[in-house]
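Quick notes on the structure that follows.
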Amino acid sequence: MKLHFHNTLGRKLQEFESLEPGRVGMYCCGPTVYHYAHIGNLRTYVNEDFLRRALEYAGYAVNHVVNITDVGHLTSDADDGDDKMEKGAAREGRTVWEIAAHYTEAFLRDWQRLNLLQPTHWPKATDYIPQQISLVQELESRGYAYRTSDALYFDTEKFAAYGDFAGIKMDKLLAGVRVDLGDKKNPTDFALWKISPKDKRRAMEWESPWGVGFPGWHVECSAMSTALIGKTLDIHCGGTDHIRVHHTNEIAQSECAHDGVPFARFWLHNEFLKTEDSDKMSKSSGEFLTLQVLVDRGFHALDYRYFCATAHYRKFLTFSWPNLESARDAHRAFRRRTAPLVAAFQASQVPSATLPGDAKIWQDRFEEALGQDLNIPKALGVAQTLARETALTEALRGRLLLDWDRVLGLSLEVSLPEPEAEAVDDDEAARIDALVAARTVARESKNWPEADRIRKELADLKVVVTDTPTGPTWKKA
RNA sequence: GGUGCCAUACCCAAGUGGCUAGGGAGCGGUCUGCAAAACCGUCAACCCCGGUUCGAAUCCGGGUGGCACCUCCA
């Protein structure tokens, strides 16, 4: 099975090949844990999970690294700006370490609820300070760094290919008036190590050859990816917003420190989730939606996962409640349709070695979609169509769907828990049970008007009765 | 100002030169007393104007509208 990805490096579709046969080193930029992740952040991790799963589906062993940024960097590359972690701590009256622990935990909980596979490594930036310092030392010894009063900066002029990745035309950028140079030599120069002012203590700071301070915000990704994967990554992922500054700087740092060894071979960038009024979701603009808010509104986390699967990762996806509801309905119907098929396969005990020819065609269609720049919406369409394709036996369809679910990650083999029903006290439950029993009596004597009258009465109590082969069930609406 | 992206039916959304994408909603039906679910059927689109071509949603030019990045961001 062949995989093709749109590589930001070169901006074109390219057949994927790993450096080492059968093995993939994949680094994905993770969260800064100063606040909850919003559903826009999470879209990226869901898409990266589809990628991870598609690679494993294709037979690769994936060394998957997602960093946890628990050290504050400044809110800008210039000298001013606040530290996000310290800001979070001030906001909540806690220490930065408490903030990091709390939001890391919340993040991992979302990760699990979305059924995202655990990365091979979850490195924390603060656990890799020595590696970051030595990376900066490499750069300094090779002449790529210079000192100012407050920091050690990377001199982007020394890296000829600096603007290539993002398509920045350096001469035009220089004409820009929005960049305050401060002590920097070039507007694109960025801090490798920030030195704490003599008279001020920071919550997080470390000794270094340049004085007590903290690493620049691009350094951690370079240092940790090298430590855990190697100098050259097969795949590096992130949001489109990172192309311009973060990833451009990661490339500069890494390749200069490693004497030109290419930093990453494939760059995949996720497009944003937008809200209806065309804003991207952003924490800095105030209100934002978390996964918990969706859950509180009665959605299952996997409804959101399905929602993400309906759009290609390089396209904007517009969030609105009706759009999410539509995806939820599609998701629930899909599960109801596939559950009997999966059950039929599990009961059939068919040896799963070879696939009959007519099933092979479906398999090929699904894999082809994955291979076309990870076209999950198309793959999902194939799955939806197969679920209704009666030319294949139920067991065979169940077998294919279960196999494909290794990529879709919807946990089709288990049923989704019912949404939290409104709490009902014992007295009320007893009254409802009595009414339902009375209705059953009426139905048994075919007294339909009476049965319907009771259904109506229950409806007034916000109770919905559903008749099943094993008798009626009810739930509070 | 610089760079780039997008426009597909009621809604979401695939599609990159000929081959029914898919889903949700709606409508009609089958089946269950009714309801729910399921199943079947149905509906409809390629922003505008030119061009290339036997053939264009798809390629090219122009226009209009929307958006993103260039400051922390997924």
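All values below come from the heavy atoms of this structure, side chains included, with hydrogens, waters and symmetry mates left out. Chain letters run A, B, ... following the sequence lines, proteins first and then strands; every chain starts at 1.
Among C12(B), A38(B), G33(B), the nucleotide with an atom closest to any side-chain atom of Asp467(A) is G33(B). Considering only side-chain atoms of Val245(A), the nucleotide from G2(B), C72(B), G15(B) that sits closest is C72(B). Set against A13(B), A35(B), C34(B), the side chain of Ala311(A) has A13(B) as its closest nucleotide. Nearest nucleotide to the side chain of Asn41(A), out of A13(B), A74(B), C72(B): A74(B). The side chain of Lys315(A) has C6(B) as its nearest neighbour among G23(B), A35(B), C6(B). Of the candidate nucleotides G23(B), A37(B), C73(B), A37(B) has the atom nearest to the side chain of Arg336(A).
Note on Lys446(A): nothing from the nucleic acid sits closer than 4.0 angstrom, heavy atoms only. Using a 4.0 Å heavy-atom criterion, one finds that Arg388(A) contacts the sugar-phosphate atoms exclusively. At a threshold of 4.0 angstrom between heavy atoms, the contacts of Arg439(A) include nucleobase atoms, whether or not backbone atoms are also involved. His242(A) comes within 4.0 angstrom of the backbone, heavy atoms only, and of no base. Within 4.0 Å (heavy atoms only), Arg43(A) reaches no atom of the nucleic acid at all. Across all strands, Asn270(A) comes closer than 4.0 Å to no nucleic acid atom at all (heavy-atom distances). Note on His312(A): only backbone sugar-phosphate atoms sit closer than 4.0 angstrom, heavy atoms only; bases stay farther off. Asn375(A) comes within 4.0 angstrom of the backbone, heavy atoms only, and of no base. Across all strands, Tyr45(A) comes closer than 4.0 Å only to sugar-phosphate atoms, never to a base (heavy-atom distances). Residue Ala333(A) is classed as a sugar-phosphate contact, given heavy-atom separations below 4.0 Å to backbone atoms only.
At a cut-off of 3.5 angstrom, the base of G23(B) holds no donor-acceptor pair with the side chain of Asp329(A). At a cut-off of 3.5 angstrom, the base of C5(B) holds no donor-acceptor pair with the side chain of Arg314(A). With hydrogens and angles left out, the side chain of Arg337(A) and the base of G23(B) share no donor-acceptor pair within 3.5 Å. Counting distance only, with no hydrogens placed and no angle test, the side-chain atoms of Arg443(A) and the base atoms of G33(B) include a donor-acceptor pair under 3.5 Å. Judged by distance alone, with hydrogens and angles left aside, Asp241(A) brings no side-chain donor or acceptor close enough to the base of C72(B) to form a pair under 3.5 Å.
Within a 6.0 Å sphere centred on CD of Gln118(A), other residues, nucleotides and ligands contribute more than 12 heavy atoms.
Nearest-nucleotide positions on RNA chain B place Val465(A) closer to the 5' end than the other of Thr240(A) and Val465(A). Each of Ala327(A) and Gly30(A) lies near RNA chain B, and the nucleotide nearest Ala327(A) is the one positioned closer to the 5' end.
Atom NE2 of His246(A) is separated from atom P of U71(B) by 16 Å (rounded to the nearest Å). Rounding to whole angstrom units, NZ of residue Lys274(A) and C1' of A13(B) are separated by 14 Å. Rounded to a whole Å, the CD atom of Gln372(A) is 16 Å from the P atom of G22(B). Separating the CZ atom of Arg365(A) from the C1' atom of A21(B) is a distance of 8 Å, rounded to the nearest angstrom. Residue Gln384(A) contributes atom CD, which lies 12 Å from atom C1' of A13(B) at whole-angstrom precision. What separates CG of Asn67(A) from C1' of A74(B) is a distance of 12 Å, to the nearest Å. In this structure, Trp267(A) places its CH2 atom 19 Å from P of C69(B), rounding to the nearest Å. As rounded to whole Å, 10 Å separates atom P of U16(B) from atom CD of Glu368(A).
With C1' as the reference atom, C10(B) and U42(B) are 15 Å apart, rounded to whole Å. Between G17(B) and A57(B), the distance separating the two C1' atoms is 11 Å to the nearest Å. For the P atom pair drawn from C48(B) and G65(B), the interatomic distance equals 15 Å after rounding to whole Å. Only the P atoms considered, G41(B) is 15 Å distant from U20(B), to the nearest whole Å. Spacing between A44(B) and G22(B) at atom P, rounded to whole Å, works out to 14 Å. Comparing the C1' positions of A14(B) and A45(B) gives an interatomic distance of 13 Å, to the nearest angstrom. With C1' as the reference atom, U52(B) and C59(B) are 8 Å apart, rounded to whole Å. Nucleotides A36(B) and U16(B) place their C1' atoms 43 Å apart, quoted to the nearest Å.
Centroid-to-centroid, the aromatic rings of Phe16(A) and Phe266(A) come within less than 6.0 Å. If you look at His247(A) and His269(A), their ring centroids are closer than 6.0 Å. Aromatic pair Tyr36(A)/Tyr103(A): centroids less than 6.0 angstrom apart. With ring centers used as reference points, His35(A) lies 6.0 Å or more from Phe107(A).
Using a 4.0 Å cut-off between a side-chain N of Lys or Arg and a carboxylate O of Asp or Glu, Asp241(A) and Arg244(A) do not qualify as a salt bridge.
Trp321(A) and Phe319(A) have perpendicular rings, their planes meeting at more than 60° on a 0 to 90° scale where under 30° would count as parallel.
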**Request:** Would you please test Asp467(A) and Arg439(A) for salt bridge (Lys or Arg N to Asp or Glu O under 4.0 Å) and show each step?
**Result:** CA-CA 11 Å; Asp467(A) 295 317; Arg439(A) 177 170 168 278; 2.9 Å; yes

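Of the nucleotides present, none pairs with U71(B) by Watson-Crick or G-U wobble criteria with both distances under 3.5 Å. Pairing of A21(B), defined by two Watson-Crick or G-U wobble distances under 3.5 Å, is not identified with any nucleotide.
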